[in-house]
Structure formats: C-alpha cells, structure tokens
Amino acid sequence: MTTKELPKIYDPKKVEDKIYKIWEDSGFFNPDNLSERKETYANILPPPNANGELHIGHASGYVTMDLLGRYNRMLGKKTLLLPGKDHAGIQTQVVYEKKIKKERGISRYDLGRDKFYQEIYDFCIDRSQYMRNQEKKLGLSADWSREKFTLNPDIVNIALETFVEMYNEIDSEGNRMAYKGKRIINWCPRCASALADVEVEHAETQGKLYWIKYGPFVLATSRPETKLGDTAVAVHPDDDRYRDMVGKKYMIPGVLGEFEVEVIADKEVDMNFGSGAIKVTPAHSFVDNEIAIRHNLPSRQIIDESGKMMNNCGKYAGMTTQKAREAIVADMKKMGLIDHIEDNYIQNLSICERCKTPIEPIPSEQWFINVNHKNFSLKEEARKIILNEDIKIQPASFKKIMLNWIENVHDWCISRQIWWGPRIPAWYKDGEIKVQLESPGEGWVQEDDTFDTWFSSGQWAYTTLKYPDGKDFKDFYPSNNMIMGRDILPFWAFRMIILSLYKTKTIPFKNLYFTGLIRDEKGHKMSKSKGNGIEPLEMIEKFGTDSVRLSVLIGSSPGNDMNLGEIKIESYRNFVNKLWNISRFVLAKIGDNTADEKIKEENLTYADKWIVDKIKKIIVEVTDDLEKYNFSLAGEKLQNFTKNDFADWYLEVAKFENNQVEKNIILAKILKDLLKLWHPFIPFVTEEIWSNFNQAKLLLIETWPTLENWDDIVGENIETERYIFTKIQAIVTAIRNLRAENKIEPTKKLKTIIYTGNDFEIIKNEGILIKNLRTGVGELVIKKNGEKPAEALYTIASGIEIYLINEIDKVAEQQRIQTELSNLKKYTTDLAQRLSNKEFAKKAPAQIVVQEKEKLAKAQSDILEMEKYLEKLK
RNA sequence: GGACGAUUAGCUCAGUUGGUUAGAGCACUUCUCUUACAAAGAAGGGGUCACUGGUUCGAGUCCAGUAUCGUCCACCA
C-alpha cells in the first residue's frame with residue numbers, strides 16, 4: 001500500500017492549465033466524440049462583443065452555462081456548448097474609431113469604407129483570440145471546433161436571407177414585413193446613425209426653460225430653435241383658457257418673419273406644464289409628430305442629419321442646434337419675444353447609449369421590421385409562446401417583464417448608418433429598388449446602411465447550427481437552455497424569439513434563464529472609469545478558477561443582482577482548499593485499493609449508517625436543485641455536507657472507529673460521489689483529485705451519482721438506525737459546550753456520568769465515540785438512571801442527563817441552570833398553547849400535531865429533571 | 001407616468017409548494033498549532049424577517065396598503 005503524497009495546500013496555478021489541456025485533448029467537449037449517447041443537450045452561448053475582454057459579468061454567465069453543461073454531460077447526454085463572438089456594430093466601430101484617432105490621429109474617412117472594415121475585422125479576430133483564452137481559463141467546456149463569429153460568411157448569409165424573406169412577405173394591402181419608411185427616429189449626430197429605442201438612454205440634465213411670446217400666447221419651451229419648424233399650437237381640450245381659440249389660425253412673429261399656425265386641441269397636452277399651450281414641431285419631436293398625424297398637420301424639417309440647421313433656416317443655416325438656440329434667443333430678446341427664462345430647469349434628455357451625445361429626433365428614411373404584420377405577427381406569435389410557457393423562463397417573474405415588453409414594442413428600426421456590420425442587401429437604380437443577396441447587375445448601387453447588430457445576433461440560435469439542413473440543426477435545435485444577463489432581455493431574448501419563430505416556425509430554445517448583474521461590494525455598477533471592477537483573470541490568478549466560480553454561483557439567485565467583493569472569493573478559495581485536504585486525508589487513509597473489498601453489513605456502525613443516509617439525501621436534493629436551476633441552493637447544501645457532516649463528524653469518527661475495511665470503502669465511495677457532485681461547480685480541483693484515484697475515465701465524462709450505487713451496500717435498517725448518531729452528536733456537543741462555557745482547560749480530563757433514560761440500549765455501547773470526539777472525557781459512566789451527583793457541571797438534552805464531575809461555583813451554576821430553565825419554560829408554554837388550540841388539532845396535518853406533542857413531552861420531562869437538580873444544588 | 005424587483009444578523013446574501021426555538025459566509029468574542037486542513041478546529045454573542053392590516057389552526061413565506069431603495073420602459077414640449 002502506498003500513501004498518496006499530496007501537497008498540504010492546493011495550488012490552482014500548477015493544476016488548471018494542465019487539466020484544461022487534458023480535457024481539450026480528450027475531445028469530449030465535442031459532442032461528435034460522444035456519439036454513443038442518444039439524448040442531446042445544447043446551449044448556444046451568447047457571443048460577447050469581440051472588441052475587448054471578458055468582465056466578471058461574462059464570467060458569471062459562462063460559469064452558469066458551464067455548470068449546466070457539465071452536469072448534463074455527466075447525466076450521459078451528448079452535450080454541446082457552442083461558443084462565439086459578436087461583431088457588435090456601433091460599439092465596436094466607436095471603440096475602433098477612438099483607437100485609430102488616439103494611435104494614428106486619423107478617422108474612418110481617412111481609411112475609406114473597405115480598408116476600415118478590413119482593419120476592424122482583423123482587430124476583432126485578434127481580440128477574439130484573447131477572449132477565447134479567457135473563456136478557457138474559466139474552465140468553459142465548449143466545443144471550440146464549432147466556434148462562430150457573427151460575420152462569418154455562412155452566418156451572415158442566413159441572416160441576410162431572412163431579411164430578403166421578410167421583404168418579400170407582403171400582406172393583402174401591399175405592406176411588407178421589412179420595409180423602408182420615413183419616420184422620426186432617434187438620430188445620433190456624432191455616430192451619424194439612427195438608433196433603436198433601446199439604444200437611447202435618458203439622463204437628467206440641467207437646462208433652461210424659455211417662456212416665449214408667441215402671438216396671442218406665452219408658452220414654455222426648452223428648445224426655442226425648433227420654432228422654425230413649428231406648424232401648430234396645441235392645448236388640452238378641457239382647458240378653459242384657450243377654449244375659444246381652438247380651430248383658429250394665428251400669425252406668429254418670428255426671427256425669420258411671420259408664420260401661420262393653427263390652434264388644435266389634443267389630450268396629450270399637460271394643462272399644468274408651462275402655460276398649458278405648447279408649440280408643435282412635428283419633424284423634431286416624437287410626441288409632436290403623433291399629434292401632427294392625429295390632426296393632419298404639415299411637417300417642416302429644419303435640422304439635418306449632421307445635427308445642423310438646414311438651408312430653410314435663413315441666417316441660422318449651418319449652425320448646430322446649440323449655436324442656433326443661442327443666436328435665436330438673442331435675436332428674440334432684441335425683438336422682445338422672450339417673456340422670461342427659467343435657469344434651473346431639469347429636463348430628461350435623450351442621449352446616445354454608446355457615446356452619450358444628445359439625440360436629435362429627425363425624420364429619416366430607414367429600414368424597419370413590422371412587428372405586427374398581417375401575414376405573421378411577430379409580436380402576437382411571441383406573446384403566445386411566452387403565455388403558453390412553450391419557452392420556460394427562469395426566474396418565473398421575468399415572464400411578466402417579457403410580456404410587458406412585448407406589449408409595448410414598436411416597429412424595429414434595423415438600419416444603421418455605420419460601416420461595421422453586414423450591409424443591407426438592397427440595390428438601387430434609377431429610383432428602382434431590388435432586395436436580394438447578389439447585385440442585380442450593372443449600374444445597381446447597394447444600400448449604404450448596415451444592419452442593427454441585434455438583427456444578426458437575433459438569429460444566433462439557428463445560424464450557428466447550420467440552418468436549415470445541417471446535422472447540428474437537426475440534432476440540437478431548439479436548444480435546451482439559453483442563458484443571458486437580465487439587462488439584454490429586450491435586446492436579445494425577445495429578438496431571438498421573434499426571428500426564430502418567423503424563420504424556423506418553432507421556438508429557439510426550451511428554457512430561458514436570466515442571470516442578475518454583478519455589482520461591487522457596495523452595490524455600485526462596475527465600470528472601467530470608476531475602477532471598481534473585479535477582473536476575472538486577476539482573481540483567477542490570485543485565488544484560482546474554482547474559487548471564482550463558486551463566488552458567482554453561491555449566494556446569488558436567478559435574475560437578482562449580486563454584490564461581489566474579493567473577500568467572498570477568498571473565502572471560497574479557503575473552501576476549495578478544505579475539500580483538497582479532505583481528499584488528502586481520505587486518499588492517504590484508504591491507500592490504493594478498496595475495489596475488491598466487500599462490506600459486511602453487520603460491521604457497520606451508527607456513524608456509517610448516518611453518513612450514508614446523508615450522502616443519499618444530498619444526491620437526491622442536489623440533483624433536484626440543479627434541475628430546478630437552484631444552483632446556489634445546491635452549492636450551499638454540498639458545502640454544508642462537505643464541511644459540517646463529512647469533515648467535521650465522519651472524518652473524525654473514521655480516525656478511531658474499529659471497522660477499517662468498511663470505513664475505507666465508505667470513505668472512498670462518498671468522496672467519489674462528492675467529487676462528481678462538485679464537478680460542475682469546481683471542475684479543476686475535482687478532476688485533479690479524481691486523477692489520484694487511478695480512474696479509467698475522466699471525471700468530465702463520469703456518470704452522475706445515483707442512489708442505486710448505495711443500495712447494495714447498506715440495507716433497510718438504515719432508516720431506523722441513522723438517528724442514533726445524531727443523539728451521540730447532541731451529547732458530544734453538549735459536553736463541549738459545558739466545558740467551554742465553564743472554561744475548563746482542554747487538556748483536563750473529567751469523569752463523566754450520563755443517564756440515558758429510554759435511550760440506554762442504543763447509547764450504552766457508544767462510549768468510544770463520546771470519549772474520542774474531543775470531549776475531554778476521562779472515566780465514563782453510562783447508566784439508564786441514577787443518583788444526581790452534587791459536585792458536577794450539568795445539562796440535559798431530550799431526556800439525556802450529562803454530569804461532568806468537577807468543582808463548581810454553586811451560585812454561578814444555579815444561575816446558569818435558572819436561565820436555561822426559563823428558556824425551556826417559555827418554549828413549553830408556546831407549544832402548549834398551540835396544542836390546546838382546538839382548531840390546530842382539527843386542521844393541522846396529523847404528522848405536525850404528533851411532532852409538536854413529542855416536542856412538548858420531551859421539554860416537559862427535561863424541565864422536571866432540571867428542577868430536581870436545582871433543588872439538589874441548593 | 002407604466003412595469004418589475006428588493007427590504008432577513010455589523011457586512012454580503014440563502015431560505016424551493018405556508019409547518020422544528022429563522023440559516024450560511026465574512027466580521028466579532030473565548031479557547032486550541034489535536035497526527036487532512038491555522039487558508040484550520042471547538043464553543044459563543046448578535047435578527048420584534050421594513051411598516052400596517054388581512055387570510056390561516058399556523059405567515060419571513062400568501063393577499064392588500066404604506067415607506068425606502070433599485071432596475072427597465074415611456075417621456076414634458
């Protein structure tokens with residue numbers, strides 16, 4: 001027999017890269033190498049933006065996906081985790097433009113469209129390589145041979161075809177599902193691009209509110225420069241102040257001369273804002289535009305796509321809106337048209353999510369997707385799917401959020417005026433338009449605009465699987481789980497659902513799981529500029545991957561944000577080390593070979609039966625929790641079992657109980673099952689320990705623990721006997737407690753007398769446990785009952801009386817027992833009250849009633865004995 | 001304005017369908033280097049589960065309202 005020599009402290013750095021290479025070389029990340037398996041499991045991984053690096057949020061998501069992947073692989077499923085990267089249109093273009101400006105002092109126009117595109121492409125490929133290594137560091141068991149990029153030609157082609165199909169989807173009135181239309185859109189002057197609603201942020205900003213004289217009105221506006229585009233004044237229909245004026249037309253003096261407006265009444269107008277009358281600028285305000293449509297008002301555009309005043313603005317033409325505002329206000333002052341100005345006006349300004357530039361709402365030609373098309377309403381189909389729970393959402397509460405979002409969705413603007421991304425396959429010639437993948441021929445010019453990033457990533461669920469004829473599509477679609485941060489529900493989850501429903505006529509995935517966001521210790525959002533971010537690689541370097549994985553898996557719940565600090569990761573590093581040392585002990589004790597030994601049932605002790613019962617429960621519960629996405633709970637239970645049951649009690653017992661053959665078999669079996677249960681959480685350390693068992697298979701593809709594995713070594717009587725060890729535990733704890741409270745030096749052995757009452761038969765032979773479990777017990781007497789010694793520390797637990805023979809301070813001892821007594825009495829009063837309630841007896845389940853009665857009886861008998869002892873003390 | 005969360009120990013958070021005297025980690029106090037582990041062990045202190053009502057034999061858990069904080073959506077000119 002050789003003793004396993006493992007180092008005292010687990011060193012992840014020496015282990016992780018080695019283990020990952022073994023996994024990769026094994027080929028088992030690729031489901032094609034698990035071909036004997038029938039049932040499949042697939043998770044298409046969300047592609048991170050290929051323009052940077054992974055942050056802790058990515059890490060958290062990947063760890064969750066890998067947990068499920070590894071678990072399902074161990075369940076014997078043909079498992080695919082399919083990785084990829086996203087080109088992230090606007091964001092990457094902004095990042096790269098900043099980069100070339102800083103490093104080379106140039107703009108994208110200096111490079112030209114083709115060269116610019118090529119450079120970003122190379123940049124992304126380079127970043128992807130870096131990020132892939134980060135993903136591997138996390139232990140992600142993904143099939144790298146299938147890795148995809150949203151701009152891979154095969155991926156793009158499928159996505160573009162969808163657009164062509166949608167263009168050709170025409171209802172009876174001639175409306176296309178994908179259409180070009182003039183709409184007011186959110187326009188970012190800096191990006192020179194349209195933005196989708198979800199790409200716009202709102203920020204409270206201090207501005208000014210101008211009260212201007214406006215013909216017969218005085219009205220308040222924060223944007224006086226838009227006066228040049230006004231075509232009406234609107235008031236609330238119930239506003240008595242203006243009732244007589246509605247329907248009339250007025251000439252309004254302005255900086256470019258008089259112009260005519262009509263007064264209209266519309267419920268959108270808030271009577272309490274300003275003077276109750278507002279100017280209507282249909283071309284440059286979403287609300288005004290809606291009012292204009294309702295009242296059939298003309299629209300006059302005065303701001304162009306560079307954010308500057310247009311040629312119809314006289315001397316203000318060419319000014320930015322900001323400049324024009326100043327100039328126009330100055331001129332209006334001269335003309336006496338300014339009533340007064342409020343300086344401290346807080347307004348909610350729309351800004352570009354990517355570059356924080358204020359948005360200009362302007363009318364523009366853009367491509368849209370009709371989400372409520374008559375042939376196939378994306379909105380309605382999605383609603384049905386979510387309502388019917390064809391896709392199950394975790395946590396369940398997010399179903400409501402999804403439905404609420406679907407309710408409020410508008411047509412989706414999919415064109416972006418940027419260079420980085422797939423170009424829209426629409427071709428123009430002499431006012432004609434054709435939508436098809438290839439150029440129709442000579443003289444046709446392709447649309448300049450590219451697609452919104454989410455139009456391609458929204459198709460990720462099937463483009464990655466070689467839709468429509470690929471084997472992967474047949475094998476793995478719809479996938480089992482889709483996991484993403486809760487912040488991208490409207491961006492991505494919803495779009496994947498609608499596009500997949502349209503294209504494949506079925507759901508993209510069966511389960512949709514949202515993770516929360518990770519914040520810093522104080523609950524703030526992590527960001528580079530604040531410098532409060534936790535870098536996953538740095539933490540891995542410091543504490544090991546397994547610790548980082550545990551820190552994001554335990555103590556979090558689906559969809560809820562989590563605060564994370566370094567201290568938490570450190571504490572899990574300590575736990576991983578604990579598991580390492582547990583294994584070190586077990587491996588050293590059992591030596592090499594326990595395989596041929598047979599357990600003799602009659603040699604099993606109460607501790608053996610207790611721990612076997614415990615591990616069986618853990619197997620059932622952890623499996624159940626994982627099935628229900630309760631990862632945190634599963635982890636906590638495993639942690640409790642590992643530390644509090646297995647290490648603190650069973651390992652200690654195993655050091656001296658005298659049935660070594662059985663002990664070694666049980667220790668080995670439990671440790672092996674424990675490693676399997678832990679593997680999806682902490683794959684590296686478990687695989688490393690596993691390798692010390694000289695196993696034929698990698699833990700990676702081992703079989704998930706089952707109860708059958710235990711049934712053949714421990715028989716039925718475990719059910720009745722497993723409780724005995726918990727009695728012993730209670731006695732041992734009570735003795736330790738008594739000694740600690742009374743400050744008995746640990747080395748001092750005390751004669752101990754135990755009166756067991758009814759438990760005599762089962763406890764009488766367990767003296768070896770009571771003596772050896774660090775209780776400092778010297779001579780030990782176990783009797784059914786007997787005389788109460790006068791000089792002793794005393795306690796009673798569920799009818800078992802314990803005396804530690806020692807000199808005592810009678811007054812202090814009386815006081816201690818008095819306190820315990822009064823606690824017990826309060827407890828019994830509460831119990832008695834509950835039991836005396838007739839309704840309780842009638843309506844509560846019988847099992848609960850019996851339980852409560854037992855509790856009361858035990859407590860009452862304890863009180864009796866304790867009172868007797870107190871008498872004796874006096 | 002609309003929707004959705006959160007509020008449990010000093011801190012970070014669990015608590016699965018309502019049922020032991022409400023848990024963990026960190027921090028704190030006392031003791032111990034005991035032959036797996038001091039990155040450890042033993043023992044302990046600390047909570048009227050935000051508040052007010054309600055349903056129930058029984059509520060941290062279900063319902064209604066209030067307060068505070070947060071997130072998302074819409075947006076006011």
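Just so it is clear, the structure is predicted and the values come from calculations on it, not from any experiment.
Residue A:Asn837 places no side-chain N or O under 4.0 Å from the OP1 or OP2 atom of B:G58. Contact between the side-chain N/O atoms of A:Arg739 and the OP1/OP2 oxygens of B:A42 is not found at any separation under 4.0 Å. Using a 4.0 Å cut-off, no side-chain N or O of A:Lys568 falls inside it from OP1 or OP2 of B:U12. Side-chain N/O atoms of A:Lys637 include none lying less than 4.0 angstrom from OP1 or OP2 on B:A24. Distances shown here put every side-chain N or O of A:Ser632 at or beyond 4.0 Å from the OP1 or OP2 atom of B:A14. Residue A:Lys589 places none of its side-chain N or O atoms closer than 4.0 Å to OP1 or OP2 of B:U35. At the phosphate of B:A24, neither OP1 nor OP2 sits under 4.0 Å from any side-chain N or O atom of A:Lys643. Look at A:Ser285 and you won't find any side-chain N or O under 4.0 angstrom from OP1 or OP2 of B:A77.
A:Glu688 has no carboxylate O lying under 4.0 Å from a charged side-chain N of A:Lys14, or vice versa, which leaves the two without a salt bridge. Ion pairing between a basic and an acidic side chain is recognised when a charged N comes within 4.0 Å of a carboxylate O; A:Asp830 and A:Lys826 show such pairing. In summary, A:Lys542 and A:Glu570 do not engage in a salt bridge, as defined by a charged side-chain N under 4.0 Å from a carboxylate O.
Defined by atom type and a distance below 3.5 Å, a donor-acceptor pair is present between the side-chain atoms of A:Gln660 and A:Lys589.
As a whole-Å value, the separation of A:Asn404 CG from B:G1 P is 17 Å. The distance between atom NE2 of A:His410 and atom P of B:C73, rounded to the nearest whole Å, is 13 Å. Atom-to-atom, CZ of A:Phe646 to C1' of B:G41 comes out at 17 Å; the value is rounded to the nearest Å. The interatomic distance linking A:Lys748 (NZ) with B:A42 (P) rounds to 24 Å, in whole Å. Per the geometry, CD belonging to A:Glu342 stands 13 Å off C1' belonging to B:C76, to the nearest Å. The distance from atom NZ of A:Lys628 to atom P of B:A14 is 18 Å, rounded to the nearest whole Å. Atom NZ of A:Lys771 is separated from atom P of B:U34 by 22 Å (rounded to the nearest Å).
Nucleotides B:A67 and B:A24, compared at atom P, are 35 Å apart to the nearest Å. Comparing B:G1 with B:U48, their C1' atoms sit 37 Å apart, to the nearest whole Å. Taking the C1' atoms as reference points, B:G46 lies 9 Å from B:C28, given to the whole Å. Distance check on atom P: B:A59 versus B:C51 gives 15 Å, rounded to whole Å. Comparing B:A27 with B:G65, their C1' atoms are spaced 37 Å from each other, to the whole Å. Comparing the P positions of B:C63 and B:C4 gives a spacing of 12 Å, expressed to the nearest Å.
In the interface, the side chain of A:Arg736 is not paired with the base of B:A42 through any donor and acceptor atom under 3.5 Å apart. Residue A:Lys578 places a side-chain atom within donor-acceptor reach of the base of B:C37, judged by atom type and a 3.5 Å distance cut-off alone. If you check distances only, the side chain of A:Gln639 never reaches the base of B:A14 with a donor-acceptor pair under 3.5 Å.
Remark: of the listed residues A:Trp412, A:Trp454, A:Trp405, A:Trp405 is the sole one forming a side-chain contact (heavy atoms from CB on, under 4.5 Å) with A:Phe494.
For A:Ser571, the side-chain atoms get nearest to B:C26 when compared with the rest of B:C26, B:G19, B:G5. When the nucleotides B:U32, B:G15, B:G19 are ranked by their closest atom to the side chain of A:Pro746, B:U32 comes out on top. Closest to the side chain of A:Ile567, from the set B:C26, B:C4, B:U21, is B:C26. Closest to the A:Arg774 side chain, of the nucleotides B:U34, B:A77, B:A36, is B:U34. The side chain of A:Asn581 has B:C37 as its nearest neighbour among B:C37, B:A3, B:U30. Here B:U16 is the nucleotide among B:A40, B:C73, B:U16 with the atom lying nearest to any side-chain atom of A:Asp625. Side-chain proximity of A:Leu633 to B:C37, B:G15, B:A40: nearest is B:G15. The side chain of A:Glu652 lies closest to B:C37 when the candidates are B:A77, B:G41, B:C37. Listed nucleotides: B:G19, B:C37, B:A43. Nearest to the side chain of A:Thr733: B:A43.
Aromatic ring pairs are classed by plane angle as parallel below 30°, tilted from 30° to 60° and perpendicular above 60°; the pair A:Phe646 and A:Tyr650 is parallel.
Annotation: cation-pi geometry not satisfied between A:Lys855 and A:Tyr827 (NZ/CZ under 6.0 angstrom from ring centroid, within 45° of ring axis).
Heavy-atom neighbours of A:Glu407 CD from other residues, nucleotides or ligands within 6.0 Å: above the threshold of 12.
Within a heavy-atom distance below 4.0 Å of RNA chain B, the residues of residues 852-859 of chain A found are A:Lys855.
Partners of A:Ser556 according to the side-chain contact (heavy atoms from CB on, under 4.5 Å) rule, which considers only residues two or more places apart in sequence or in another chain, are A:Met562. A search for ring-ring contact (aromatic ring centres under 6.0 Å, His included) contacts involving A:Tyr214 returns nothing, not counting sequence neighbours. Scored by the side-chain contact (heavy atoms from CB on, under 4.5 Å) test, A:Lys13 finds A:Asp11, A:Glu541 as partners (sequence neighbours excluded). The side-chain contact (heavy atoms from CB on, under 4.5 Å) search around A:Glu741 returns A:Asn737, A:Arg816, not counting sequence neighbours.
Consecutive Watson-Crick or G-U pairs involving RNA chain B, each under 3.5 Å on both distances, make up stems of three or more pairs at B:1-7 with B:67-73, B:10-13 with B:23-26, B:28-32 with B:40-44, B:50-54 with B:62-66.
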